[in-house]
Amino acid sequence: MGTLNIEELLNQMTIEEKASLCSGADFWHTEAIERLGLPAAMLSDGPHGLRKQDKTADHLGTGESIKAVCFPTASAMACSFDRELIYNVGSALGEECQAENVNVLLGPGINMKRSPLCGRNFEYYSEDPCLAGELGAAFVNGVQSQGAGTSLKHFAANSQEWRRMSISSEVDERTLREIYLAAFEKTVKKAQPWTIMCSYNKINGTYSCENDWLLNKVLRDEWGFEGLVMTDWGAMNNRIEALKAGLDLEMPSSHGETDKLITAAVKDGSLPAEVLDKAVKRVLELVDKSITNKRHASYNKEEHHSLVKKTAINSAVLLKNNGVLPLSGNENIAIIGQFADIPRIQGGGSSHINCFKTESALQALGNAVNAKYTYSQGYATDKDETGTVLLEEALQNAAAADVAVIFAGLPESFESEGFDRTHLNMPECQNHLIEEIYKVQKNIVIVLHNGSPVAMPWLDKAGAVLEMYLAGQASGAAAVDLLFGRANPSGKLAETFPLRLEDNPSYLNFPGSRDKVRYSEGVFIGYRYYDKKHMDVLFPFGYGLSYTTFRYSNLRIETGGVVANNCPGTIPKIQDTDQVKVYVDITNTGNRAGAEIVQLYVKNFIGLENRPEKELKNFAKVFLEPGETKTACMELDFRSFAYFNETLKDWFAESGTYGILIGASSRDIKLSREVKITASKKIPFHACDTTTCKDVELFADSTKPLDEMLLMIKNGNEADNEKALCIMKTAFEETPIHSILSFSSNALKYEDIKETLKKLNGTVS
């Protein structure tokens, strides 16, 4: 039961008051109506921390905000593959929202990482919609469990910063459905975010904010979204068309200008009053949720700081290790790199958090480790120049040490909201530093701080590489725990690291022309592309090492509560609508406790459409003591086997044999089984002159009419009908039906063609 009487409020409002509710009162608040006792709701930037501004207001992170807790960015958290952990992060942020009187946290961002160059990739989870959708739902459920709302963003096909406010993302429907909308769909259905934020860009020529197909037909009618749709800040084009398309709230304020347009449109009849009422009702429902769920709350910043550290530890990815890690603490260690002292913990732009404290690696070493170490800055982050004095100091310390631990990565000037990267390189001064240190010290550990993939020309020289991404305000302490083995790395990459930028599937079409960016690679982004082409990559999707080892065994498949016969050579047969449970045993075969991320891929039956070789469809994170075995259970459903068929305008799982693959990464498949799927749907078929004989074979209810026509033109003895028909079907496989006339030696007339088509389409008996 809500607090507001929404219907009564609607009846009491003037048109002008209703119009005013459809845009912000200022930068962060909805409009209040004092006459009716209607309060405002407050929105604030997220999603990896609270960027609440009390006085100055901006949208790009330049203005001061309250002291808050900075959690790892989405690019880092996604590598945890840990739904429970992400839920807990969301819950902590929900507590902070309540304590700071924030009603809606603007996040999470779940756009796909089409290119590693997108300047905002640090704020997005993955190149894979299954992973992004599962973690997005966990985050939303976590925040909203505390009575604060979320704003899922940026809806949709917002995969670059260049000209993001005007460019049109040109994407076919299948690609949209399978890649760029799928994570939003999963999050909406599993978590019902209070709001969704539409993107700036156009989709196939229509701005997201006024895209009726996107906001009404897909989001609300198909997916059942119950909340409010708002713009990104300044993402309004035509206010009246946007209202008709289902866009409820324009943010921030347009100083009353668009309110006047709404009022005038209702009065002259060009905007139906019921359309305005529908939008106003959703705004009122948001305000009502904000009032109803308001709690008098406080939170412990230090406890949340500890959660930041835990999240960073569980998200870090060990990319390489020749045995140099973990450090014993008895070494003489040279700590090198400015990021060890002033870590890069977050991205630039609207999500930039004013941290209440930051814990660097140097601080953590001084506080908790007895190891002998020296520190040298090595490089400066404000300019890409090799400083002779800094380099010499680093070389001296490295030469005198047993091991050099180099903190490196991307400065904020290399990646931020508002611009895209132009290359994958780290600053040249850092690459040069690593190369020079290797000349005097062969034991090198690289600790990376970056929001997205980087090239690693020095990889063969590194004994170990620890990818921290942008790991929040406790990233230094988390890195130290991982380096010294007090924690075991368990993260795995949520995106592919390519060998070269030119290998990326979007390379020729990113960031596009002045007006359009064509998603010509279709569904083949990330590992879907690299695996299909069998291309070498620097590090594959789902990859990550540990200080222990794991064994995978005893894969079994259950449908209808019955475990399928697992004898070699037997293939379980299921309907596409069946729920499937997949079980696999994981054993820790090493001498350290650790966690393994088990990935379930479906190897697609490649029939009618060009599909990826395999796609991630579920995953589980399993924590194990040394010698311990646990069973991971993961479920599959109809959508796990389906693709979006543009003829059906629906999801379709073609009849055929699919693979169930259990992997430690997309390139490390440990176990596999096959299942045979029987489709419950059929693609509609209508034969015409240009239909090929092959399509008749594939889709017609009966091939008999075509068979009879082909037999009319056969040569030879009547007893050879079956053999002759087989030969002709092979010969005419790709031939349009009308073209058979040309090869019929006068035995066939056009009337015979027309009669055959009628029979195939069921219009004659």
Side-chain angles (χ1 to χ4, degrees), residues 172 174 522-524 531-534 569-571 573-576 602-614 641-659 674-765:
D172 65 81
R174 180 187 166 200
V523 299
F524 295 97
D531 288 0
K532 184 82 169 182
K533 292 197 71 176
H534 303 283
T570 61
I571 300 178
K573 297 178 181 179
I574 60 175
Q575 297 294 315
D576 61 1
V602 169
K603 182 175 177 60
N604 292 316
F605 169 67
I606 310 297
L608 304 178
E609 298 287 350
N610 188 13
R611 300 185 65 181
E613 288 288 322
K614 60 179 175 292
F641 302 97
Y643 72 95
F644 190 82
N645 184 282
E646 292 186 300
T647 301
L648 280 172
K649 292 291 181 184
D650 200 357
W651 295 90
F652 178 60
E654 191 177 351
S655 293
T657 302
Y658 296 76
E674 290 183 333
V675 293
K676 192 163 188 175
I677 300 286
T678 300
S680 59
K681 299 178 183 177
K682 189 165 185 176
I683 296 175
F685 177 71
H686 180 82
C688 64
D689 288 9
T690 57
T691 299
T692 65
C693 294
K694 179 67 172 178
D695 282 351
V696 172
E697 287 285 327
L698 287 172
F699 305 120
D701 289 333
S702 170
T703 63
K704 185 178 178 182
L706 178 62
D707 296 347
E708 290 173 345
M709 189 183 80
L710 290 175
L711 286 173
M712 291 171 65
I713 62 172
K714 87 169 183 68
N715 295 314
N717 191 291
E718 287 295 324
D720 296 331
N721 275 358
E722 189 173 334
K723 181 178 179 182
L725 187 59
C726 182
I727 292 171
M728 282 188 290
K729 281 188 173 184
T730 302
F732 289 122
E733 185 175 68
E734 302 299 336
T735 306
I737 291 174
H738 71 76
S739 296
I740 297 173
L741 271 173
S742 303
F743 306 97
S744 66
S745 303
N746 239 0
L748 203 62
K749 306 299 181 186
Y750 194 64
E751 286 302 316
D752 298 317
I753 298 283
K754 292 201 295 185
E755 187 68 15
T756 298
L757 291 174
K758 286 180 182 178
K759 290 178 179 178
L760 286 170
N761 293 324
T763 54
V764 294
S765 58

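Because only heavy atoms are used, hydrogens play no part in the values below, and waters and symmetry mates are left out as well, while side chains stay in.
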State, to 0.1 Å, how close C688 and L757 come at their nearest heavy-atom pair, and which atoms those are.
O-CD2, 3.6 Å
Go through the structure and list residues passing salt bridge (Lys or Arg N to Asp or Glu O under 4.0 Å) with D531, not counting sequence neighbours.
K614, R667
Go through the structure and list residues passing side-chain contact (heavy atoms from CB on, under 4.5 Å) with K573, not counting sequence neighbours.
K676
First locate atom CD of E697, then atom CG of L706, and finally report the distance between them rounded to the nearest 0.5 Å.
7.0 Å
Residues in salt bridge (Lys or Arg N to Asp or Glu O under 4.0 Å) contact with K754, at least two apart in sequence or another chain:
E751
Under a 4.5 Å cut-off applied to non-hydrogen side-chain atoms, are N604 and P612 in contact?
yes
Applying side-chain contact (heavy atoms from CB on, under 4.5 Å), can you list everything that pairs with H686, at least two apart in sequence or on another chain?
N761
Hey, what do you get for CE (M709) to CG (L760), rounding to the nearest 0.5 Å?
8.5 Å
What pairs with A679 under side-chain contact (heavy atoms from CB on, under 4.5 Å), at least two apart in sequence or on another chain?
D576, F652, S655
Sequence neighbours excluded, which residues qualify as ring pair (Phe, Tyr, Trp, His ring centres under 6.0 Å) partners of F644?
W651
Quick one: CD1 on I571 to CD1 on I677, what's the gap to the nearest 0.5 Å?
11.5 Å
With sequence neighbours left out, what residues match E733 under salt bridge (Lys or Arg N to Asp or Glu O under 4.0 Å)?
K694
K682 side chain near D701 side chain, heavy-atom distance below 4.5 Å:
yes
Would you call F685 and L698 a side-chain contact if the rule is heavy atoms closer than 4.5 Å?
no
Taking every non-hydrogen atom, the tightest pair across L648 and P684:
CD2-CD, 3.3 Å
Tell me, please, which residues at least two apart from E734 pass side chain to side chain donor-acceptor pair (under 3.5 Å).
none
Between OG1 of T692 and CZ of F699, what distance do you get to the nearest 0.5 Å?
8.5 Å
Listed by chain and number, what are the side chain to side chain donor-acceptor pair (under 3.5 Å) partners of D707, not counting sequence neighbours?
T703, K729
Say you draw a straight line from CG of D752 to CD1 of I740; how long is it, rounded to the nearest 0.5 Å?
11.5 Å
Can you see which heavy atom on C693 is nearest to which on F732, and at what distance?
CB-O, 3.2 Å
Can you list the residues that meet the side-chain contact (heavy atoms from CB on, under 4.5 Å) rule with E609, with sequence neighbours excluded?
R174, R611, Y643, N645
Contact summary for I713 and L748, nearest pair of heavy atoms:
CG2-CB, 3.9 Å
If you look at every heavy atom in N610 and K532, which pair is closest and at what distance?
OD1-NZ, 3.1 Å
Sequence neighbours left out, what pairs pass salt bridge (charged side-chain N to carboxylate O under 4.0 Å, His left out) with at least one residue falling in residues 648-657?
E173-K649, D650-K681
With rounding to the nearest 0.5 Å, note down the distance linking CG in D695 to OG1 in T690.
9.5 Å
